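First the structure, in the form of structure tokens, and then the observations on it.
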There are 2 protein chains.
Amino acid sequence: MKNKKITIYDVAREAGVSLATVSRVLNKSAKVAPEKERMVLDVIERLNYRPNEVARGLARKRSTTVGVLVPEIGRLSVAEMLSGILDTANMEMYKYSTLIKSYASDLDLFKKYWEDLLSNQVDGILVMFDYITDEIQEMIENSPVPVVVFASATDSETLARVSIDYEQAFYDVTKYFLDNGNDDVLFCTRNYTSALEVQKRGYVRAFSESGRPVNEENILRVYRSYEENYEFAKEYLTTKKPQAIASTSDSAAIAFMNAALDLGIKIPEELEIISFSNTKTSQMVRPGLTSVSYPIYKIGVFSMRLLTKIMRNETSDENKFIEAHEIIWRQSTRKQK
Amino acid sequence: MKNKKITIYDVAREAGVSLATVSRVLNKSAKVAPEKERMVLDVIERLNYRPNEVARGLARKRSTTVGVLVPEIGRLSVAEMLSGILDTANMEMYKYSTLIKSYASDLDLFKKYWEDLLSNQVDGILVMFDYITDEIQEMIENSPVPVVVFASATDSETLARVSIDYEQAFYDVTKYFLDNGNDDVLFCTRNYTSALEVQKRGYVRAFSESGRPVNEENILRVYRSYEENYEFAKEYLTTKKPQAIASTSDSAAIAFMNAALDLGIKIPEELEIISFSNTKTSQMVRPGLTSVSYPIYKIGVFSMRLLTKIMRNETSDENKFIEAHEIIWRQSTRKQK
DNA sequence: CTGAAAGCGCTTACAG
DNA sequence: CTGAAAGCGCTTACAG
């Protein structure tokens, strides 16, 4: 560690010009005589001057920093979206720094981080929340800076957002099962919160349309870890014989699959399984796991792009992007591609 | 979006005190008369005042922000480490904001982001780099702010860092294979850079000790995607019959495993496989994949903690933490637990 | 095209 | 215990 901090004053003195001029060549914000510009640029180079973004932020009242709030950075899908967000934020035309907060699906933590981000004067915020409650929506609507919601279930028609149609995705999967003679469709989900509501709606709709009743007992809350789910599945499948499983969680889907195999239940002949996130694991397991695939990385890219537009006041006619989902058929279903 | 920015001036005026007093109660930096303190606190509450961290950072010359440089945020292990870093950074006693940059394993991008972080006046930097070259090491040593290196291979004895002993891990795995009668040990790695050197050293050492020669052709560079690796493995295993595989990449290990199974090669009887990262997938596949496990989350926690100590000038007698690794034995090896 | 000056919203010696 | 004032390192009208 060394390096004495060198400031714009040093550059101005050394180059024999005023602060203002240095600032102008730095920001290309106004015409500067070519010779002076050269001088300044030379000095900057020689002194290895690096503008202080914090001072800059204060002076121009823009931090060129955006905040990102995610429920759990350790989730593979989240990491993948962050990847899209960061890549976009750092593109030449954008160049935003990103302050990332992972709130562990905890509402209080979410609120705290939200305040933290505002304190840090972010120019905009990207929010991912499994389900946008009224409270969260109100926070967003009262935000002093633009907010874009991504990969979140919501009923709002006004929020700027990019995600997929969760209800439709669950509908599609359930309908496939029902259309193929399965009455007893298990619905496994990890978070038994209101997030469930939007998704459950698709499940219920498919049942209604097919004229069959929904059995509430078939809506299962599963665990976080694979081991727990495996034990649970093994016990469950010993007494009950569902015909099909739709799971929001990859780990639960695979736990059920492995448990079934270990119990001698044939897949997909006796039990069909579809998972709601097409992670790398889905293709590595045997039999391959049929999954709903959606453009995770792209959702990150689009949400950052949308936020940028709004921050720049580019009147975007469209502030809502619903990405298409698709079912990737593998060996855990009778239909295979 | 609404909310007119309210500043410390507004609070001072409203509470009938000076700026300085408000600042004191905000920072608890000096004694303030209890009644005045109450007043100020009340006004803050009522006005919903939120200190501007950017102005604060400028004034006190500390941003309470740290930078994090990772090769690829989308990698599950990276996400998990970030999880540990963020959790620690946000703990009451620390409270650092984190500026995260993912440089796509690109040296130029790394350098750019490095400068960006310094421009943003971070108080410290956490660096992950598959292998710390001399160039990187020099950047770190010349950094104006403290730097902690994590989960990176390096020969440096001076850098503050926390990681595992890569050489030893590769040695352990190779030795297991050699001790159990496998001469033909494939070594699969994704990045054929100097990172390889440190790891290869363990592989080579095990061979030397056992008095057997290393066959350079057994050092394989694999692909990024599972599909490519699967195709490659299938072709490879058709002509060659290795007895054991040590792979730095989970996806390659599983690709070889599935390809072998599809070719009728028995695992582990005819081919043993060990992977170098114990991801969730390792336990979900059948047969279970024996893997080297190391405390990923903990490495994040420790590195952030170490950085904090250095930033606070707490003379840490120890600036190097090497976490223990462990082999989790599953069904892809003859030894199973 | 260029400089002097005010201002961004805070903190922190310095006096008292 | 408290306030006036300088300063953190920039940007940006305002004159010229």
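Note that the coordinates shown come from a computational prediction; the quantities given were computed from them, not determined experimentally. Residue numbering restarts at 1 for every chain, and letters A, B, ... go by the order of the sequence lines.
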Would Lys320(A) and Glu157(A) pass as an ion pair if we require N to O under 4.0 Å? yes

State whether a side-chain donor-acceptor pair under 3.5 Å links Thr154(A) with Ser152(A). no

Ionic contact status for Arg50(A) with Asp10(A), cut-off 4.0 Å: no

Residues Asp87(B) and Tyr297(B): side-chain donor-acceptor under 3.5 angstrom: yes

How do Lys31(A) and Ala59(B) order along DNA chain C: which one's closest nucleotide is nearer the 5' end? Lys31(A)

5'-most by nearest nucleotide on DNA chain D - Ala20(B) or Leu58(B): Ala20(B)

Result for 5'-nearest mapping on DNA chain C, choosing between Arg56(B) and Pro34(A), is Pro34(A)

Of Gly16(B) and Arg60(B), the one whose nearest nucleotide on DNA chain D sits closer to the 5' end is Gly16(B)

Quick check: do Met128(A) and Arg75(A) have side-chain heavy atoms less than 4.5 Å from each other? yes

Taking heavy atoms of chain B and a 4.0 Å limit, find me the 5'-most and 3'-most nucleotide of DNA chain D within that range. dC1(D) to dG9(D)

What does the 5'-to-3' dot-bracket notation of DNA chain D look like when only Watson-Crick and G-U wobble pairs under 3.5 Å count, and pairs to other strands show as |? |||.||||||||.|||

Salt-bridge test for Arg24(B) and Glu37(B): reply yes if a basic N is under 4.0 Å from a carboxylate O, no otherwise. no

Assess whether a salt bridge exists between Arg38(A) and Asp42(A), defined as any Lys/Arg side-chain N lying under 4.0 Å from an Asp/Glu carboxylate O. yes

Indicate, with a heavy-atom threshold strictly under 4.0 Å, whether Ser23(B) touches base, sugar-phosphate, or nothing. base

NZ-NZ distance between Lys5(B) and Lys61(A), expressed to the nearest 0.5 angstrom: 8.0 Å

Base, sugar-phosphate, or nothing for Ala33(A), non-hydrogen atoms under 4.0 angstrom? sugar-phosphate

